[in-house]
Every structure is written in structure tokens, then in C-alpha cells.
Amino acid sequence: VEGQGQDAHLAVGTAQFLQKHPPTAIAIEEPVDRVPLVWRSKQPIYYALAAVATLSGREVFETISALAAVMLALACLGFFLIARELLRAPPWAALSGMGLVGLNPMVLHTVMHPYFNQTWGFFAMPFAVVLAPLAAAGRRTPGSLALLALFLAVCAFAYPLALPLPLLVLAVVLWPERRALSPRRLYRGRRSL
């Protein structure tokens with residue numbers, strides 16, 4: 001496993017474990033004999049890593065770097081969308097911003113070592129920020145709300161420290177509607193639930 005530290009080794013070991021065992025099992029014959037307790041909320045990202053390894057026909061340790069690179073590329077696309085859609089930057093400026101984010105030494109350090117759950121949080125956070133304004137009245141659709149909920153869930157479960165920024169954007173966007181969204185106005189008896 002490339003990189004330093006225990007995260008990459010545990011990520012690969014957890015994905016290998018999940019390829020053959022249910023998440024609550026204990027298998028002492030495996031390098032990682034159980035899903036680490038603090039990673040129980042992160043199982044879907046390790047299932048994704050295991051699935052990439054299975055579908056590619058390679059070992060998990062051979063696929064983690066490629067998957068981390070894809071996640072970085074998707075995160076950069078998310079930051080391009082922030083610049084282009086939210087900040088209304090011209091295409092050249094959005095591309096420049098995307099390049100600056102992608103080549104940031106700390107971002108590259110996180111992806112190359114790889115700190116797998118941070119990479120997933122880094123991927124999901126810009127998409128949640130872009131989707132948050134779609135939750136405003138007049139622009140919300142069931143599809144956009146479902147997609148926003150999905151990206152917020154990925155942030156919450158994979159890397160909770162990535163969650164405050166999209167929630168802050170969501171709070172700012174929904175602030176003008178705070179009276180319309182009050183629990184008293186939403187609840188009008190059992191049928192309104």
C-alpha cells in the first residue's frame with residue numbers, strides 16, 4: 001500500500017475484509033480482522049473500493065490510488081461548478097480555480113497518502129455546496145433535494161468535518177424562508193406528516 005500512516009493500510013484491509021465478510025463479522029485470518037469501530041459509518045466507501053477492485057480484477061491495494069485519483073478529479077469538477085455556477089466566473093477563471101484546487105499541496109498530500117475518507121469528503125463537499133442553493137424556494141425539485149441529501153449524507157458519514165460548509169450555505173439560502181419552514185406552519189395535524 002502506497003503512502004504513509006495507518007489510514008491507507010486500514011482502508012485497503014477493510015475493503016479486503018468487506019469483499020469476503022459481512023460488516024459485523026470477525027475474521028482473524030484477514031489482515032484487518034474486523035471493520036474498525038470508528039469506521040462503521042464509513043462502510044459504503046470501503047464497499048465502493050472493494051467493488052472497484054472486484055470489477056477491475058485487481059487487488060484492493062492496486063486500485064486504491066486509481067480510485068483516489070478519480071475522486072480528486074471529481075472533487076476538482078465540483079470546485080469548477082462552484083466557481084462557474086455559484087460565483088458566475090467565466091470559464092477560464094473557473095478552470096484556473098479548478099487547477100489551483102487540484103494542484104494544492106495539501107490536497108495532493110491527502111490523496112496520495114491516501115486518507116481515503118477525507119478524499120470522499122473532499123469529493124462530496126463542493127457538490128453539496130453547489131446543490132444547496134437549489135433548495136431555495138422556486139428552484140427546488142424532488143431530484144435536486146434527493147441529490148443534495150445524498151451528497152450531505154456522503155459528507156456526514158465519510159468525513160463529518162466536511163459537512164459544516166454545505167450546511168452553512170444551506171442555512172444562508174434558507175434564511176429568508178425561516179418563517180415558512182417553521183415547525184408550527186409545517187405541522188397541521190397527522191395528515192400533514
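Reckoned from all heavy atoms, side chains included, excluding hydrogens, waters and symmetry mates. Count residues from 1 along the sequence. In this text, all values refer to a predicted model and were calculated from it rather than measured experimentally.
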Subject >> Between CZ on residue R84 and CG on residue L77, distance to nearest 0.5 Å >> reply: 13.0 Å
**OP:** Would you kindly confirm whether L145 and V169 end up in one hydrophobic cluster when ILVMFWY residues are joined by side chain heavy atoms under 4.5 Å apart?
**Re:** no
Original post:
Remaining members of L161's ILVMFWY cluster at a side-chain heavy-atom cut-off under 4.5 Å?
Top reply: Y159
Subject >> Rounded distance [0.5 Å steps], CG in L49 versus CE in M71 >> reply: 10.5 Å
Subject >> Set of residues satisfying side chain to side chain donor-acceptor pair (under 3.5 Å) with respect to Q16, sequence neighbours excluded >> reply: none
Original post:
If you take all heavy atoms of V32 and G13, which pair is closest and at what distance?
Top reply: CG2-CA, 3.4 Å
Subject >> Note, L81 side chain near P126 side chain (heavy atom, < 4.5 Å) >> reply: no
Original post:
Where do L74 and W120 land on the side-chain contact (heavy atoms from CB on, under 4.5 Å) test, with the steps shown first?
Top reply: CA-CA 10 Å; L74 290 171; W120 272 84; over 6 Å; no
**OP:** List in chain and number order the residues that pass ring pair (Phe, Tyr, Trp, His ring centres under 6.0 Å) with F127, two or more places apart in sequence or in another chain; answer none if no residue qualifies.
**Re:** F123, F151
**OP:** Using the side chain to side chain contact (heavy atoms under 4.5 Å, CB included) rule, pick out the option among L167, L168, L165 that qualifies with V129.
**Re:** L165
Original post:
Residues two or more places apart in sequence or in another chain: which of them pass side chain to side chain donor-acceptor pair (under 3.5 Å) with T24?
Top reply: none
Subject >> All side-chain contact (heavy atoms from CB on, under 4.5 Å) counterparts of R34, not counting sequence neighbours >> reply: I26
Original post:
For V101, what residues pass the side-chain contact (heavy atoms from CB on, under 4.5 Å) criterion, not counting sequence neighbours?
Top reply: F79, F122
Original post:
Going only through I, L, V, M, F, W and Y residues with side-chain contacts under 4.5 Å, is there a path from L163 to V172?
Top reply: no
**OP:** Considering non-hydrogen atoms only, spot the tightest contact between P166 and L152 and give its length.
**Re:** CB-CD2, 3.8 Å
In a table with atom names and distances, give each donor-acceptor pair under 3.5 Å that connects a side chain of residues 56-64 to protein atoms at least two apart or in another chain.
from	atom 1	to	atom 2	distance (Å)
S56	OG	V52	O	2.9
S56	OG	A53	O	3.1
S56	OG	R58	N	3.4
E62	OE1	E59	N	2.9
T63	OG1	V60	O	3.0

Subject >> Separation of C76 SG from L95 CG (nearest 0.5 Å) >> reply: 11.0 Å
Original post:
Between A158 and I45, what is the shortest heavy-atom contact and its length?
Top reply: CB-CG2, 4.1 Å
Subject >> Residues forming a side-chain contact (heavy atoms from CB on, under 4.5 Å) with Q43, sequence neighbours excluded >> reply: P23, V35, R40, Y47
**OP:** Each residue besides L103 in its hydrophobic cluster should be listed here, by chain and number; the cluster joins Ile, Leu, Val, Met, Phe, Trp and Tyr at side-chain heavy-atom distances under 4.5 Å.
**Re:** none
Original post:
Taking H113 for the side chain and H109 for the main chain, is one N or O donor matched with an acceptor at less than 3.5 Å?
Top reply: yes
Original post:
Counting only heavy atoms not in F157, do more than 12 fall under 6.0 Å of its CZ?
Top reply: no
**OP:** Enter the distance from N117:CG to D7:CG here, rounded to the nearest 0.5 Å.
**Re:** 6.0 Å
Subject >> Single-linkage hydrophobic cluster, 4.5 Å side-chain cutoff, L86 and L100 together >> reply: no
Subject >> Distance-minimising heavy-atom pair for A124 and V154 >> reply: CB-CG1, 3.5 Å
Subject >> NZ-CG distance between K42 and L10, expressed to the nearest 0.5 angstrom >> reply: 12.0 Å
Original post:
Measuring from L134:CG to L170:CG, what's the distance to the nearest 0.5 Å?
Top reply: 10.5 Å
**OP:** Identify the heavy atoms of A68 and P114 that sit nearest to each other, and give their distance.
**Re:** CB-CB, 4.3 Å
**OP:** Please name all residues satisfying side chain to side chain donor-acceptor pair (under 3.5 Å) with S41, sequence neighbours left out, ordered by chain then number.
**Re:** none
Subject >> Residue list, side-chain contact (heavy atoms from CB on, under 4.5 Å) with A25, at least two apart or on another chain >> reply: F17, H21, P22
Original post:
Looking only at heavy atoms, what is the nearest atom pair of T14 and P36, with distance?
Top reply: OG1-CD, 3.5 Å
Subject >> side chain to side chain donor-acceptor pair (under 3.5 Å) involving Q19 - partner list, sequence neighbours excluded >> reply: T54
